[in-house]
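First up is the structure itself, then whatever we jot down about it.
So you know, we letter chains A, B, ... as the sequences are listed, proteins then strands, and number each from 1. Model, not experiment: these values are computed from the prediction.
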Amino acid sequence: MTKKNEIKDKSFNPQAFEPKWQAKWEADKLYRAVIDESRPKHYALTMLPYPSGDLHIGHWYAMTPPDARARFKRMQGYNVMFPMGFDAFGLPAEGAAIKHNIHPKIWTYQNIERMEKQMRTMGAMFDWEREAISSDPEYYKWTQWFFIQLYKKGLAYRKKASVDWCPKDNTTLAREQVKGEDRVCDRCGTPVIKKELEQWFFKATKYADELLHFDGIDWPEFIKVSQTNWIGRSEGASVIFKTEAGDSIEIFTTRPDTLWGATFMVMSPEHPLVDKITTPENAQTVSEYKDQAAKQTDIQREAKDKEKTGVFTGGYAINPVNDERIPIWVADYVLMSYGTGAIMAVPAHDERDFEFARKFGLKIVPVIQPDGVELNGDTMEHAHEHEGVMINSGQFNGTPATNDKGLKNPAIKTVIEYLEEKGIGKRDVNYRYRDWLISRQRFWGAPIPMVHCEKHGWNPLPDEQLPVLLPDDITEWKPTGESPLKFHPTWKDSTCPICGEYAMRETDTMDTFMCSSWYHLRYLSPHNDKAPFDEAEYNYWMPVDTYTGGSEHANMHLLYFRFFHKALRDMGITEGGEPTMQLRNQGMVLAEDNSKMSKSKGNVVAPDVLVQKYGADTVRAYIMFFARWQQGAPWDSHGIEGTARWIRRVWTLFTDDASNSGTPASDEVKKNLRRRVHQTLKRVTYDFEHFEFNTIISSLMELLNDMYKAREAGAVGTPEWNEATEIYIKMLAPVAPHIAEELWTNHLEKPYSIHQQKWATVDESAAKDDTIEIPVQVNGKVRDKVIVSADASEEEIRNAALTSETIQKYLEGKEPKKVIVAKGRLVSIVI
RNA sequence: GCCGAAGUGGCGGAACAGGCAGACGCGCACGACUCAAAAUCGUGUUCCCUCCGGGAAUGAGGGUUCGAUUCCCUCCUUCGGCACCA
């Protein structure tokens, strides 16, 4: 470190001082977060990366602005924890294993080492002693332990179901991991297929209703909406229809008010009662239809422009409200995966049923009459899906049906009450949300800690046998559709925890989203081998105060994360309903041509090169400046020059004190400087709080320009100048931690470290303007500006405006019709 | 089709709470320094006109208001979620 009597290095050389400070901060454990009851805590969490190989600009974009904010919070007096780790299980490691014949573990840990090194160049305040890596046995031991807790609580179960399968990645996927209309694998973009398989699930649907509530948490609207859509809650009724074959069919409907118009029923081809309902004469056609439906993919079956198909079963049901005998059909537009897999068809009021009825000549009976038009089942061209008055519905005729959903609709409410009274139906709610399928037929994941015994079926392994370790001696990685673990000669051999006889291990591994559902807890005590986390740490740090990350996880990680927390709460492991109070999502950094950055396109911006050229501080500042953080933007490689220039100008101003001009600063200059400093401080404080990073930088740029002018005017050396310098460096510290430290400690010779200083307080009276310029509008157009004192009364402002020469000209001696004075803002004159 | 977010100069973007649209920066132009270049510094930079001055303009059109980028209605475009979900 530079001693006082040494000659200070005035050349700007971040490549020298950045690593120097990084090393010192680390040696001094400056960012170590330990429990301190005397200070309020702040847990700043940012989504942990996958160790893909190299840190790219997207990582910097995701991590450095939240780091700046965490630093700001720390200067505000919070005890801040800002941990980092790796979501280290996952497919790319297996891809590398296949390609280069290297164990996924080796590939993963090499990448982690490289990325940690790159992360250290960011100068972030990560507490590396809290680092958690999900592929470490000490970590996945507890991932497995959580699985067992969920299993014991009945929240993990095994079932055979028609599941989504990615033919490229050779594994099953959760519903959330199948995207868009084309039903493609979220990871690789390959269209998924359906397979009938027995798999492990988490009972996420148990929390469907609770997951719809976001009370008290500050999350972006679009994430809440996205999750709400995903869960897809529908209110309605379930109704039981008796059939002539003897069995009853239960259906779900959101429109029980249209029950009287149900003129037929439709069952999904997979419905278990289809064969019983089908009469012998129709058995052949129904069976052929079922076979054909089974052959089609979901995309083919569910294509919305597809013409309706279906066959008659020969069976009949009785409409419970009017005792009409109605035919039962089988059609693939009814899905087994939603509701009960059977519907009542109301062709007059449902477009899909209408289409079907027209095609097959089925009866159409209108039961909701819209205002003004008389519906006729024989001639109508579309279903009437909106409001009207109930008709053809016996005692309910005349009841108004609104466009409201659920019980808010008087017709629906009345009919549900009637159904419940008669015992033929009840109020019901359905969700499109599905349980979380967590089995993956892949190697590089946490093994599911279950064994299967001939006699005792599936059982969890006792805690002392955890972790179930992944073997190192695997040589064949090729995906076969079954986990490579299955082909290991001995790995799957285990013993039944009940009888001690031979039992076979589950060879599937867990969805990596399981690992990331609890990493925020592991950061609390990453090396604890007695428990997943330390209770004292939990009590102090949780919940997470601010969570930042990409919005692509809206319906995946962010939903799993919430589900997990609620499930743990019900097991008494965590407290409170939500893991994090505040969520903010950064946008995406696109390539300069507006396309997505990707390794394969070779358009990824490498931060390392920029750090070498400009220094980390400049890269950090530019990342905050070049776009609205929560929105993202295409990268602009020229733009960084402006930020680099600013950083150099900061350096020059604070190191080159010789250039003060001879004339001493006037009181006016000093007062103005002080005002600008406190105005900027106010703005920067607000912007940090609100994640508005781009305007933090522009405010600092403006203040710097003002400070250069103040220097010209002789302000250097005055108390106002010294205050300005101090506050400027404090505001700079979260953004550009290295240069701030270098200037603070070495050039201003203030006590190390700038990062342990207290954030400055706004002096409101100093920030206030003395005089203000008030625009004067005549008929809505600005014609003049008058200068008045900041606390001028309405009357004074009015007079100033009306007596202005320019305004007089516009008035032409006439009396204005109206004069509006917005105090401190503007005068509007109407003539 | 339903739900949500967003449309402001050549570009990224700014504008507290309905009150001067375009802060800050990139780019561009001109100038200073220099033998020259880079760097640096300075000036200008929404568009149009008959340029002391005036007019238009925040996706389009309408409305409320003395006054609208901001509030309301209709529409267009882009992005994201859902979608034969009963």
Side-chain angles (χ1 to χ4, degrees), chain A residues 179-181 220-234 236 251-255 258 262 266 268 301-308 331-335 337-346 349-353 355-356 385 430-433 551-552 554-555 587-588 592 622 625-628 630-643 645-646 648-649 652 682-683 686 692 694-705 708 773-785 816-831:
Chain A
K179 294 276 158 161
E181 217 173 325
E221 198 56 33
F222 78 103
I223 299 281
K224 295 193 275 185
V225 167
S226 181
Q227 294 198 346
T228 304
N229 284 344
W230 183 258
I231 292 166
R233 181 180 198 272
S234 306
I251 60 101
F252 172 75
T253 177
T254 54
R255 292 296 304 275
T258 63
V266 187
S268 159
R301 259 179 81 160
E302 295 173 22
K304 58 170 176 272
D305 47 0
K306 188 192 134 186
E307 210 183 306
K308 297 266 178 298
D332 65 4
Y333 81 90
V334 174
L335 311 174
S337 55
Y338 186 79
T340 62
I343 61 157
M344 68 172 195
V346 184
H349 305 290
D350 181 288
E351 196 57 38
R352 298 155 302 182
D353 299 343
E355 237 179 85
F356 194 81
E385 297 182 324
N430 247 279
Y431 302 90
R432 65 177 296 284
Y433 193 40
S551 57
E552 67 275 16
N555 298 342
M588 216 191 300
E592 301 210 34
Y622 182 56
F625 181 62
F626 91 103
R628 284 191 269 226
Q630 297 182 65
Q631 193 175 288
W635 184 255
D636 174 6
S637 53
H638 295 291
I640 194 168
E641 289 292 346
T643 312
R645 205 166 287 147
W646 166 62
R648 280 196 297 267
R649 272 163 57 81
T652 306
K682 193 172 178 178
R683 171 90 206 239
Y686 180 91
E692 285 167 15
N694 54 343
T695 45
I696 291 173
I697 310 298
S698 37
S699 300
L700 290 175
M701 285 174 170
E702 281 177 76
L703 181 58
L704 189 75
N705 292 341
Y708 266 96
E773 196 184 50
I774 296 217
V776 183
Q777 295 183 344
V778 177
N779 285 348
K781 293 209 165 85
V782 177
R783 297 300 184 183
D784 196 18
K785 286 163 189 182
K817 277 195 201 133
K818 204 170 178 182
V819 179
I820 294 131
V821 180
K823 202 161 169 275
R825 290 180 196 276
L826 149 151
V827 178
S828 181
I829 300 169
V830 188
I831 54 170

Item to complete: Give a yes/no answer on whether the side chain of A:Lys224 brings an N or O atom under 4.0 Å of OP1 or OP2 in B:rA5.
Response: no

Practice prompt. Test A:Leu826 against A:Val776 for side chain to side chain contact (heavy atoms under 4.5 Å, CB included), laying out the working first.
Written response: CA-CA 6 Å; A:Leu826 149 151; A:Val776 183; over 6 Å; no

Worksheet item: Taking only residues two or more places apart in sequence or in another chain, which ones pass ring-ring contact (aromatic ring centres under 6.0 Å, His included) with A:Trp635?
Response: A:Tyr622, A:Phe626

Item to complete: Kindly give the heavy-atom pair with the smallest separation between A:Ser551 and A:Ile223, and that separation in Å.
Response: CB-CD1, 4.0 Å

Discussion item. Can you check the distance between B:rA21 and B:rG42, where both ends of the measurement are the P atom (answer in whole Å)?
Written reply: 28 Å

Practice prompt. Measure from OH on A:Tyr708 to P on B:rU40 and round the result to the nearest Å.
Written response: 11 Å

Fill in: Under 3.5 Å on both distances, the Watson-Crick or G-U partner of B:rU65
none

Response to the item:
For nucleotides 17-24 of chain B, 5' to 3', base contacts (B), sugar-phosphate-only contacts (S) and non-contacts (-) with protein non-hydrogen atoms under 4.0 Å give --BB--BB

Discussion item. For a quick check of understanding: with a heavy-atom distance under 4.0 Å over all strands, which category does A:Glu552 fall into, base, sugar-phosphate or nothing?
Written reply: nothing

Practice prompt. Check every strand shown and say whether A:Lys781 touches a base, only sugar-phosphate, or nothing at a heavy-atom separation below 4.0 Å.
Written response: sugar-phosphate

Discussion item. Quick check for you: to the nearest 0.5 Å, what is the distance between A:His638 atom NE2 and A:Ile640 atom CD1?
Written reply: 12.0 Å

Practice prompt. Take atom C1' in B:rC84 and the same atom in B:rA60, then report the distance between them in whole Å.
Written response: 35 Å

Worksheet item: What interatomic distance, in whole Å, is found between P of B:rA17 and the corresponding atom of B:rC11?
Response: 27 Å

Discussion item. Taking only the P atom of each, what is the distance from B:rG9 to B:rG81 in whole angstrom?
Written reply: 27 Å

Worksheet item: Taking atom P in both B:rG22 and B:rU69, what distance in whole Å separates the two?
Response: 12 Å

Worksheet item: With respect to the side chain of A:Thr253, which nucleotide from B:rG13, B:rA86, B:rC82 is positioned closest?
Response: B:rA86

Item to complete: For RNA chain B, determine which residues of residues 339-346 of chain A have any heavy atom closer than 4.0 angstrom to one of its atoms, and list them numerically.
Response: A:Ile343

Worksheet item: Once you round it to whole Å, what is the distance between P of B:rA38 and CD of A:Glu641?
Response: 13 Å

Worksheet item: Can you find a heavy atom in the side chain of A:Val346 that is under 4.5 Å from one in the side chain of A:Arg255?
Response: no

Discussion item. Rounding to an integer number of angstrom, what distance separates B:rA83 and B:rA14 when you compare their C1' atoms?
Written reply: 39 Å

Item to complete: Could you tell me the separation between the CZ atom of A:Phe222 and the C1' atom of B:rG81, rounded to a whole number of Å?
Response: 10 Å

Worksheet item: Is any side-chain N or O of A:Arg432 closer than 4.0 Å to OP1 or OP2 of B:rA83?
Response: yes

Worksheet item: Which residues pass the side-chain hydrogen bond (donor to acceptor under 3.5 Å, both in side chains) test with A:Ser699, sequence neighbours left out?
Response: none

Discussion item. Checking A:Asp353 now: which residues fulfil side-chain hydrogen bond (donor to acceptor under 3.5 Å, both in side chains) with it, not counting sequence neighbours?
Written reply: A:Tyr333

Fill in: Donor + acceptor pair across side chains of A:Asn705, A:Arg649 (<3.5 Å)
yes

Worksheet item: Touch check for A:Gly632, heavy atoms < 4.0 angstrom, all strands: base, sugar-phosphate only, or nothing?
Response: sugar-phosphate

Discussion item. Restricting to salt bridge (Lys or Arg N to Asp or Glu O under 4.0 Å), what partner residues turn up for A:Lys682, sequence neighbours left out?
Written reply: A:Glu764

So which protein nitrogen or oxygen atoms get under 3.5 Å of nucleotides 57-63 of chain B's nitrogens or oxygens?
none

Discussion item. Taking the minimum atom-to-atom distance to the side chain of A:Asp332, which one of B:rU40, B:rA86, B:rC84 wins?
Written reply: B:rC84

Worksheet entry | Qualifying residues under side-chain hydrogen bond (donor to acceptor under 3.5 Å, both in side chains), relative to A:Asn555, sequence neighbours excluded | A:Ser226

Worksheet item: What is the distance from CG of A:Asn229 to C1' of B:rA83, rounded to the nearest Å?
Response: 10 Å

Discussion item. Rounding to an integer number of angstrom, what distance separates B:rU8 and B:rU70 when you compare their C1' atoms?
Written reply: 12 Å

Discussion item. Are A:Ile820 and A:Val827 packed together at the side-chain level, in the sense that at least one heavy-atom pair is separated by less than 4.5 angstrom?
Written reply: no

Discussion item. Any strand counts, and the cut-off is 3.5 Å on both contacts for Watson-Crick or G-U wobble. Which nucleotide pairs with B:rC82?
Written reply: B:rG1

Fill in: Closest-nucleotide ordering on RNA chain B, the 5'-leading residue of A:Arg649 and A:Arg255
A:Arg649

N/O contacts under 3.5 Å, protein versus nucleotides 47-54 of chain B?
residue: B:rG54; atom: OP1; partner: A:Tyr810; partner atom: OH; Å: 2.8

Worksheet item: Heavy atoms under 4.0 Å, any strand shown: does A:Asn555 hit a base, just sugar-phosphate, or nothing?
Response: sugar-phosphate

Worksheet item: Quick one: is A:Arg645 getting a side-chain N or O under 4.0 Å of the B:rG25 phosphate, OP1 or OP2?
Response: no

Worksheet item: With both distances under 3.5 angstrom, what nucleotide forms a Watson-Crick or G-U wobble pair with B:rA29?
Response: B:rU43

Worksheet entry | Complementary nucleotide for B:rU77 - Watson-Crick or wobble, under 3.5 Å | B:rA6

Worksheet item: When you measure from the side chain of A:Gln227 to the backbone N and O of A:Ala554, does any donor-acceptor pair fall under 3.5 Å?
Response: yes

Worksheet entry | C1'-based separation of B:rU45 from B:rC24 [nearest Å] | 15 Å

Discussion item. Test of understanding: with side-chain hydrogen bond (donor to acceptor under 3.5 Å, both in side chains), list the residues that count as partners of A:Ser698, not counting sequence neighbours.
Written reply: none

Worksheet entry | Set of ring-ring contact (aromatic ring centres under 6.0 Å, His included) partners for A:Phe222, sequence neighbours left out | none

Item to complete: Give one of base, sugar-phosphate or nothing for A:Trp646, where a contact means two heavy atoms less than 4.0 Å apart.
Response: nothing

Worksheet item: For A:Glu221 and B:rA6, what is the distance between atoms CD and P respectively, to the nearest whole Å?
Response: 11 Å

Discussion item. Counting only side-chain heavy atoms from C-beta out, which of B:rC82, B:rC26, B:rG13 sits nearest to A:Asp636?
Written reply: B:rC26

Practice prompt. Give the nucleotide from the list B:rG13, B:rC84, B:rA39 with an atom nearest to the side chain of A:Tyr333.
Written response: B:rC84

Worksheet item: Can you list every salt bridge (Lys or Arg N to Asp or Glu O under 4.0 Å) pair that touches residues 224-234 of chain A, not counting sequence neighbours?
Response: A:Asp209-A:Arg233, A:Glu221-A:Lys224, A:Arg233-A:Glu235

Worksheet item: Taking CD1 from A:Ile231 and C1' from B:rG81, how many angstroms apart are they, rounded to a whole number?
Response: 13 Å

Worksheet item: Out of B:rC3, B:rA56, B:rC66, which has the shortest distance to the side chain of A:Lys818?
Response: B:rC66

Worksheet item: Could one point to a donor on the side chain of A:Lys817 or the base of B:rC66 with an acceptor on the other under 3.5 Å away?
Response: no

Discussion item. Measuring only between side-chain heavy atoms, which start at C-beta, is A:Thr652 closer than 4.5 Å to A:Tyr708?
Written reply: yes

Worksheet item: Is any side-chain N or O of A:Arg628 closer than 4.0 Å to OP1 or OP2 of B:rA14?
Response: yes

Item to complete: Using only side-chain N and O atoms of A:Gln630, determine if any of them is under 4.0 Å from OP1 or OP2 of B:rA5.
Response: no

Discussion item. Using whole Å, what does the distance between atom P of nucleotide B:rG25 and atom OH of A:Tyr622 come to?
Written reply: 14 Å

